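To keep things clear, I will list the structure first and then write my remarks on it.
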Amino acid sequence: MNRNKSLLPILLLAAFSASSCSGPNTPVVCPGGNCGGNANLSLTLLDAPPTNTAFINFNLPISLISLTPQTGADVNFTTTAATYEITRLQSDSTVIGTVQIPAGTYTKLNFFVTGNTPTSVWANASNATINGCAPLQICHLAGTAQGQISVDLVTALGGQGLTVTSGQNVGLGVEFNLNNAITAVNGISIDLTQPNVFTVLTLPRIGQASNTLDTIEAFLGVVTTKSGSNITLQANSGATLTATAGSSTTFNAPPGGSTACSGNFNLACIAVGQTLSVDATVAQNGSLSLTNVDFIDLPGVDEIEGTIFNSTPAGHYLFVVSDKVQVTTNAVLQPVGSATTLDLTLDPAVTFAIETSNLPVSSQVGFLSASDIVDGQTVLAHVKSATLTTGVNVVTDHLILRPSHLTGTVVSVTGTVFTIQNLPAYLTSGPTPQVQTYVPQTILDNVNGGALGNLANGDSVSIRALVLNPITAPIPLLAAKVRKH
């Protein structure tokens, strides 16, 4: 739905000027019957966004991924459809999967967008109506199911393409370029067939932990199985993540505190039905190891995650959904999913908390009450009630501040703090906000030496950061991740 944003204090910059993965698949057959042993191929997905982006949400449905060998039939990498929310992948990665493929050379990586169509939510910052979206409105934009889209691996990787040998572990990052997917020909539209919408890079990138291919962060889901140290989570999208806890895994109490587990949150405290947010690393063979576990709800309750915007009257907000945890059979919530817009109302007894995860944040200043709610914050809202009138209306009695995924340009670096500009204009963060990083908690992805001082003025970076009220918080952005593009 379209809704007037009369209280947005700043113009939203237009992006149009001039964040499911299923588990590993079963081994595939050898193309052409020419078997030379199998290799493990792992794919992760990330986003190369433009700065000043006005996209709040972008859903990419992929029905099938396959590889084309030099000779023989295509080899299916995935056979189960999945939808990926792209904007959260500005700073983070998600696992597509790991499969065994026959040794040999592959020349194309093919993506099939069939059945479902790409959808997005964006902010019109221009002074003109675009595609029926008036200035200062939050609007929807949909694309078409465009069939097969192929990446030339010979061009992307050089040589003959992707060559794998028996027993080899190989990792590729699939980079979705949101800027290239938008075209202004005959009006604004999504066109995934534009050049370089999908590109491929080899893993790991600079700054990745030793013996790992990539890092997965803030995966929100409900525990479906626990076997020893192996945990499986399922997200609302249908995505599943199975990872193993180890001696270095850290565990954090639910935001706002809890007396469960006698206050000792560890592996033994995890149980089926809980809602967790986890970070993990992808090993060279594709297996996942838990690095951090955040307990969210014990047991799980209905919650929606998304971007919050001030609106009228006070205590009522426009909410763009990015994720959902639903453990009840509430029929009103059933159709709610990524890219849904709804009305969020604060219960008179609403409480506030911050999911600090493993960041050493000792104060909740900047998100203490409704007066600290600012445009562009990502929150997880506990659903007290949900009703349907002209749209979905949700009343929340508990708000948890979670990290936002933002892209901007580095201005300067001083110690563990850097300033940033060209952030999305819907974000209320001050003219040139500061970003606080932490050693060793903040991950510096693709940064030489893993040192913040190696960022330079003008570098394009994406951050996964808590967004605090810039009026009350000394530094409004607290970063758990910084990815250089």
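Just so it is clear, the values below take in all heavy atoms, side chains as well, and ignore hydrogens, waters and symmetry mates. Since we're looking at a predicted model, the values are computed, not measured. Numbering starts at 1 and runs along the sequence shown.
- Tested against S338, the residues D323, T83, N59, T87 include a single side chain to side chain donor-acceptor pair (under 3.5 Å) partner, N59.
- Taking the six-membered ring for Trp, F319 and F309 have ring centres at least 6.0 Å apart.
- No side-chain N or O of T224 forms a donor-acceptor pair with one of Q234 less than 3.5 Å apart.
- When side chains are defined from C-beta on, L452 does not count as touching V447, because their heavy atoms never get closer than 4.5 Å.
- Shown here is I475, whose CD1 atom has more than 12 heavy atoms of other residues, nucleotides or ligands within 6.0 Å.
- With no hydrogens or angles considered, a side-chain donor-acceptor pair links T419 and S412 at under 3.5 Å.
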Task: F176/F58 under ring pair (Phe, Tyr, Trp, His ring centres under 6.0 Å): CA gap, chis, key distance, verdict - done: CA-CA 11 Å; F176 181 82; F58 190 101; 5.6 Å; yes
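- A 4.5 Å side-chain heavy-atom check between L368 and N469 finds every atom pair outside the cut-off.
- Between V482 and F418, some side-chain heavy-atom pair lies under the 4.5 Å cut-off.
- Counting only N and O atoms by type, the side chains of N252 and D294 include a donor and acceptor under 3.5 Å apart.
- Taking each heavy atom of P403 and R464 in turn, the nearest pair found is CB-CG, 3.4 Å.
- Neither side chain, S120 nor N57, offers a donor N or O lying under 3.5 Å from an acceptor on the other.
- T378 and S404 form a side-chain donor-acceptor contact under 3.5 Å, judged by distance and modelled atom types alone.
- No side-chain heavy atom of Y438 sits under 4.5 Å from any side-chain heavy atom of N358.
- A 4.5 Å side-chain heavy-atom check between V197 and N177 finds every atom pair outside the cut-off.
- Counted by atom type alone, H485 and S462 present one or more donor-acceptor pairs between their side chains at under 3.5 Å.
- Under 3.5 Å, the side chains of T396 and H382 contain no donor-acceptor pair of N or O atoms.
- A donor and an acceptor atom, one from each side chain of D445 and T215, are nowhere located under 3.5 Å apart.
- In plain terms, the two heavy atoms of F352 and S369 that are nearest each other are CZ-C, 3.4 Å.
- Ring geometry, F251 versus F295: the interplanar angle falls from 30° to 60°, so the pair is classed tilted.
- In this structure the side chain of S322 never reaches within 4.5 angstrom of the side chain of H405, judged on heavy atoms.
- Contact detail for L478 and L359: the closest heavy-atom pair is O-CD1, 4.1 Å.
- Using modelled atom types, one side-chain atom of D302 and one backbone atom of V327 make a donor-acceptor pair closer than 3.5 Å.
- Closest non-hydrogen pair, I190 versus A142, comes out as CD1-C, 4.0 Å.
- Side-chain contact between N264 and C269 is absent, with no heavy atoms from C-beta onward closer than 4.5 Å.
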